[in-house]
Chemist: 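Please find one structure pasted underneath; my questions will follow.
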Amino acid sequence: MNPLTNCCSKRLVQALLVLLGTLAFEAANAAAGGTVVLVSMDGVRHDLLDGAPLPALQRMQREGARAERLIPVYPSNTFPGHVSIATGTWPDVHGVIDNHFEDAERGVYRYEDDAEWIKAEPLWAAAERQGLPAAAYFWIGSETDWNGISARHRVSPFDPSRPEAEKVQQMLRWLRLPQAQRPRLIMSYWAGVDSVAHRTGPADPAVVEQLRLQDAALRQLLAGIDAMQMWPTLTLVVVSDHGMTATGELIDAAAVLADAGVKARVLGSAVANVYLEDAQDLETAATALAILKNVSVHRRDEVPAAWRLRHEGRTGDLVVTTAPPYVLTPPSNPLCALIPRRCLSPGGHGYPPDHPHMGGILLALGRGVEVGARLPAVHQIDIAATVARLLNIAPPAQSEGTPIAGIGG
């Protein structure tokens, strides 16, 4: 045989073996579950996707799946929403009943990132417990260990000034790690449009401009995944925690209680937990608040079961709710004390999940996702089970959700 022919034949065989090895690895990886990247964009309302040109989000809709809307838990706020996404269960189980509440033993919770507040297993802990490396970039509750388990890779402490482009570069670095170190689950919190929409109102052009900036960062993430040719084994899921609506009318529940001679702490805006200093004031407080228009008042043991808000040791003696455009507590800024109405945000959330403006987004692209799929409304509670199915692991221990039809099924 010609030495040149022999050399070429050996190279061809080697190339074929490499190709077969690669295909075998991808097949085994697919059978064992792929990689999931879960990104949350804070405060993106479902209908924002239908306005301005958003190339990355439009690509995800065109080449992947989009849900009609993502239904949040109640109250439709950032901290209970993100914990529900991660745990697959409701505030009455995971314990983060709002952005701000009180615990009978631990004291005040206010935008806390400590995982010890979370009473249900989150996704990153479930993945690590089952042998899959996980990574978390600012996801709520991921900055400390949960029951002794942490994400293999994590960035902390939370820095609201951190640009999304920097998060993308770290996420791509994680995906480039050697197989044994590479996270199979990456969860990242992005700023979304929340702060801007609170400040300007949801209809202001600044909201769309902010979403364009978020879309530009998402385009970088898509391009990085393209370059690594990971789509056969990777699923990208983009969600938001809640929507946004116009607000600005104050019902000062704390002032009403003070006028009635009741000492209490009122925490929350669309849903307010009332913690009485003296339990004997319960009837007086309930009567004073019930006179108000545009509110509903519930004693703790009468909170509707469907709300999934009755948590032992954390739910207030009374739970007061309202609807847009009303809010139940004035801004906490001391400068707003004299004229609180002037300080009210023109945009807000936290209202009942079935309110049309509270719905968020859910899009998916890549492994296990049908091209161009349009899904009905889906629920936050079902995301953890869906991610677990994509990873081929059991969902978090307390998860109550069902995998979303059309993603990984």
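FYI, the numbering just counts along the sequence from 1.
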Chemist: When you compare the side chains of Arg182 and Gln179, does any donor N or O come within less than 3.5 Å of an acceptor on the partner?
Modeler: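 No, Gln179 and Arg182 have no side-chain donor paired with an acceptor closer than 3.5 Å.
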Chemist: Consider only side-chain N and O atoms of Tyr137 and Arg162, and report whether a donor and an acceptor are under 3.5 Å apart.
Modeler: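 Side chains of Tyr137 and Arg162: pair found under 3.5 Å.
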Chemist: With sequence neighbours left out, which residue pairs that include part of residues 237-261 fulfil the ring-ring contact (aromatic ring centres under 6.0 Å, His included) condition?
Modeler: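 Qualifying pairs: His242-His349.
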Chemist: Between the side chains of Trp190 and Ser188, is a donor N or O closer than 3.5 angstrom to an acceptor N or O?
Modeler: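 Yes, side-chain donor-acceptor contact under 3.5 Å.
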Chemist: Are a donor atom and an acceptor atom from the side chains of Gln380 and Ser84 found within less than 3.5 Å of each other?
Modeler: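 No - no donor-acceptor pair under 3.5 Å links their side chains.
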Chemist: Show every salt bridge (charged side-chain N to carboxylate O under 4.0 Å, His left out) that has at least one partner inside residues 204-214, sequence neighbours left out.
Modeler: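 Non-adjacent pairs meeting salt bridge (charged side-chain N to carboxylate O under 4.0 Å, His left out): Glu209-Arg212.
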Chemist: Is it true that the side chains of Glu121 and Gln398 contain a donor and an acceptor less than 3.5 Å apart?
Modeler: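 No pair is found: no donor N or O on one side chain lies under 3.5 Å from an acceptor on the other.
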Chemist: Enumerate donor-acceptor pairs with a distance under 3.5 Å from any side-chain N or O in residues 254-266 to protein atoms, sequence neighbours excluded.
Modeler:
from   : atom 1 : to     : atom 2 : distance (Å)
Arg265 : NE     : Glu102 : OE1    : 3.3
Arg265 : NE     : Glu102 : OE2    : 2.5
Arg265 : NH2    : Glu102 : OE1    : 3.2

Chemist: For a quick test of your reading: what N or O donor-acceptor pairs under 3.5 Å do the side chains of residues 285-294 make, sequence neighbours left out?
Modeler:
from   : atom 1 : to     : atom 2 : distance (Å)
Thr287 : OG1    : Glu283 : O      : 2.9
Asn294 : ND2    : Tyr326 : OH     : 3.3

Chemist: Checking the side chain of Thr235 only, and the main-chain atoms of Val36 only, is there a donor and an acceptor separated by less than 3.5 Å?
Modeler: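 Checked: no pair found.
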Chemist: Establish, yes or no, whether a centroid distance under 6.0 Å links the rings of Trp90 and His379.
Modeler: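 Centroid separation for Trp90 and His379: below 6.0 Å.
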Chemist: With sequence neighbours left out, which residue pairs that include part of residues 273-305 fulfil the ring-ring contact (aromatic ring centres under 6.0 Å, His included) condition?
Modeler: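 For residues 273-305, and leaving out neighbouring residues, the ring-ring contact (aromatic ring centres under 6.0 Å, His included) pairs sorted by first residue read His298-Trp307.
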Chemist: For this output row, return yes or no: ring centroids of His100 and Tyr109 closer than 6.0 angstrom.
Modeler: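 No, they do not, as the ring centres are separated by 6.0 Å or more.
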Chemist: Do any pairs count as a salt bridge (charged side-chain N to carboxylate O under 4.0 Å, His left out) and have a residue in residues 63-81, sequence neighbours left out, and if so which ones?
Modeler: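 Listed once each, the pairs are Asp50-Arg66, Arg59-Glu63.
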Chemist: Does a donor on one side chain sit under 3.5 Å from an acceptor on the other, for Asp103 and Trp117?
Modeler: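 No, because no side-chain N or O of Asp103 sits under 3.5 Å from a partner of the opposite role on Trp117.
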